[in-house]
Amino acid sequence: MRRRKLLRSLAVLCTFASFGSFALAQAAASAYPERPLRLVIGQAPGGAVDTVARMLAERLASALQQPVVVENKPGAGGMLAAEAIARSAPDGYTLGLLDVGALTVNPVLQKKISYDVARDFSYIGTVARIPLVLVAHPSLQPSSAAELTRYSRAHPAELSYASAGVGSPPHLAFESYKQQSGALVTHLPYRGGAPALADVVAGHVQLTFIDTNLGSQYLKNGRVKAIAVATRERSALMPEVPTFDEAGLKNFEFAPWVGLIAPAGLPPAASARLAAALATVMANADTGKRLRDIGFVPFGGNATEFAALMQRDLEAHRLLVRQRNIKLED
């Protein structure tokens, strides 16, 4: 009898203990976040991604009721930022806004990379695309993508294009165009997009890809002319500029994206809270307007859609790198 009473008493105590642990876990989950968060990006202050990050941080802070501080870690094509995020505690207080280069180009180009995109991150959702436009020095004879393709084939040693470096979006966008069109244009890699564009404006190089926001500014004063936008639809910033699709390259698109991530092993409650906050931010009409005003396209997608996009772009970039024999020592 005493034994049965003792066992019943222990069972009751275990029940209360389990309930207490569950209650504590629930309280901790409902309390998240309890302190400021940091948002790590791989670009320097003042750039396009930095502008998006600061707008996103402001709006996430409102949704989460905690400050979100942007931390710039430029260098190595976004690898320094990605490494910092991967090494951070998976507690929901370190986030990252990383781009297509850090997540789907570095893994197929870099021989030594310290993070695994399939293992080291929790994916929250996509945020925006960065549309690109192919621009040329005004003196270049061709004025459309179709004319450029024909002209480059007839003058294979004459034309060159500048990029921000091997593996950069302008480089991969142009190689994708060459792959699909058969255009013959020589690649000249630069140390960054600014010097690449400067040499196109000066007439030292004929062509380059730049984001549509920057492109619209340079078009206004005639320093460059636009050949085509690398999106399925025309850009609201330059509606007069046709798409590559209109020039005959069916379904051609190259619009780099940025997405919100966290370290792997994020607690489910924190993951759900962040996903809900991001969805709230992206559903806000003013968020879309602000993104479009700086030349971005709102691109909200959940974790599942983000994972599918990652896999698709990893395979596409792996194929492009192999077919175009792209190497970092080029």
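Summarising the geometry, atom CG belonging to D313 is positioned 11.5 Å from atom CZ belonging to R318; distances are rounded to the nearest 0.5 Å. Once rounded to the nearest 0.5 Å, the distance linking CG of L278 with CG of N302 reads 10.0 Å. Once rounded to the nearest 0.5 Å, the distance linking OG of S152 with CD of E147 reads 12.0 Å. Separating the CG atom in N213 from the CZ atom in R292 is a distance of 14.0 Å, to the nearest 0.5 Å. Here the straight-line distance linking atom NE2 of H317 with atom CZ of R312 works out to 10.5 Å at 0.5 Å rounding. Rounded to the nearest 0.5 Å, atoms CD1 (I294) and CG (L237) are 10.0 Å apart.
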**Q.** W257/F306 under ring pair (Phe, Tyr, Trp, His ring centres under 6.0 Å): CA gap, chis, key distance, verdict
**A.** CA-CA 10 Å; W257 43 260; F306 197 173; 5.6 Å; yes
Q: Show your working on side-chain contact (heavy atoms from CB on, under 4.5 Å) between V127 and V281 and close with a plain yes or no.
A: CA-CA 10 Å; V127 174; V281 170; over 6 Å; no
Q: Check the pair D91 / Y32 against side-chain contact (heavy atoms from CB on, under 4.5 Å), numbers first and verdict last.
A: CA-CA 10 Å; D91 54 10; Y32 170 83; over 6 Å; no
Q) Can you list the steps and then say if E175 with Y161 is a side chain to side chain donor-acceptor pair (under 3.5 Å)? A) CA-CA 10 Å; E175 289 303 310; Y161 76 93; 2.5 Å; yes
Q: Starting from the C-alpha separation in whole Å, work towards a yes-or-no answer on ring pair (Phe, Tyr, Trp, His ring centres under 6.0 Å) for F209 and F254.
A: CA-CA 10 Å; F209 270 101; F254 204 99; 7.6 Å; no
Q: Just do the side-chain contact (heavy atoms from CB on, under 4.5 Å) check on K327 and V166 with the steps written out, would you?
A: CA-CA 7 Å; K327 299 177 182 177; V166 175; over 6 Å; no
Q: Kindly indicate, with the supporting measurements, whether the criterion side-chain contact (heavy atoms from CB on, under 4.5 Å) is fulfilled by M310 and V117.
A: CA-CA 9 Å; M310 286 270 300; V117 295; 3.9 Å; yes
Q: Walk me through it: do T149 and Y177 pass the test side chain to side chain donor-acceptor pair (under 3.5 Å)?
A: CA-CA 9 Å; T149 300; Y177 157 62; 2.8 Å; yes
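Here the shortest heavy-atom pairing between P138 and G222 reads CG-O, 3.4 Å. For the pair V224 and V201, the tightest heavy-atom approach, listed with the atom from each and the gap, is CG1-CG2, 4.1 Å. Looking at every heavy atom in both residues, A81 comes nearest to L98 through CB-CD2, 4.0 Å. Here the closest non-hydrogen pair linking P131 and F296 is CD-CA, 4.1 Å. In plain terms, the two heavy atoms of N72 and A44 that are nearest each other are ND2-C, 3.6 Å. Residues L266 and S271 share a closest heavy-atom pair of CD2-CA, 3.6 Å.
A 4.5 Å side-chain heavy-atom check between Q206 and V200 finds every atom pair outside the cut-off. When side chains are defined from C-beta on, L64 counts as touching R273, because their heavy atoms get closer than 4.5 Å. Considering only heavy atoms from C-beta on, Y93 comes within 4.5 Å of P33 through its side chain. Side chains of E58 and R54 form no contact here, defined as non-hydrogen atoms less than 4.5 Å apart. Taking 4.5 Å as the limit, every side-chain heavy atom of L159 sits out of range of all side-chain heavy atoms of T186. Between F174 and T208 there is no side-chain heavy-atom pair separated by less than 4.5 Å. Counting heavy atoms from C-beta outward, P107 and L314 have side chains that approach closer than 4.5 Å. Residues F244 and N251 are not in side-chain contact: their nearest non-hydrogen atoms beyond the backbone lie 4.5 Å or more apart.
Using a 4.0 Å cut-off between charged side-chain N and carboxylate O, E246 and R232 make no salt bridge.
Side-chain contact annotation: Y123 with T304, donor-acceptor N/O pair under 3.5 Å absent. R324 and Q179 are linked by a side-chain donor-acceptor pair at a separation below 3.5 angstrom, with hydrogens and angles left out of the test. There is a side-chain donor-acceptor pair under 3.5 Å between T287 and R59. Judged by distance alone, the side chains of S88 and R38 do bring a donor and an acceptor atom under 3.5 Å apart. S163 and H187 share a donor-acceptor pair across their side chains, judged by distance under 3.5 Å alone. When only modelled atom types and interatomic distance are considered, T231 and E253 share no side-chain donor-acceptor pair under 3.5 Å.
Remark: the backbone N or O of G165 is paired with a side-chain donor or acceptor of S168 at under 3.5 angstrom. Of the possible donor and acceptor atoms, one in the side chain of S122 sits under 3.5 Å from a partner among the backbone N and O of P263. Side chain of K73 to backbone of V40: no donor-acceptor contact under 3.5 angstrom is found. A donor-acceptor pair is defined here as one N or O able to donate and one able to accept, closer than 3.5 Å; such a pair exists between the side chain of D99 and the backbone of A102.
Under a hydrophobic clustering in which Ile, Leu, Val, Met, Phe, Trp and Tyr are joined whenever their side-chain heavy atoms come within less than 4.5 Å, directly or via other members, V52 and V69 fall into different clusters. Hydrophobic clustering (side-chain heavy atoms under 4.5 Å, transitive across Ile, Leu, Val, Met, Phe, Trp, Tyr) keeps Y218 apart from L134. In terms of hydrophobic clustering, with Ile, Leu, Val, Met, Phe, Trp and Tyr side chains grouped at heavy-atom distances under 4.5 Å, V297 and I210 are assigned to different clusters. Hydrophobic clustering, with ILVMFWY side chains joined whenever heavy atoms are under 4.5 angstrom apart, keeps L140 apart from V135. Follow the hydrophobic side-chain contacts under 4.5 Å out from L274 and you reach L97 in the same cluster.
Applying side-chain contact (heavy atoms from CB on, under 4.5 Å) to V105 and the options I326, L172, V321, L320 leaves one that passes, L172.
Atom CD of Q217 is surrounded by more than 12 heavy atoms from other residues, nucleotides or ligands within 6.0 Å.
Cation-pi geometry between R129 and F299 is satisfied (NZ or CZ under 6.0 Å from the ring centre, within 45° of the ring normal).
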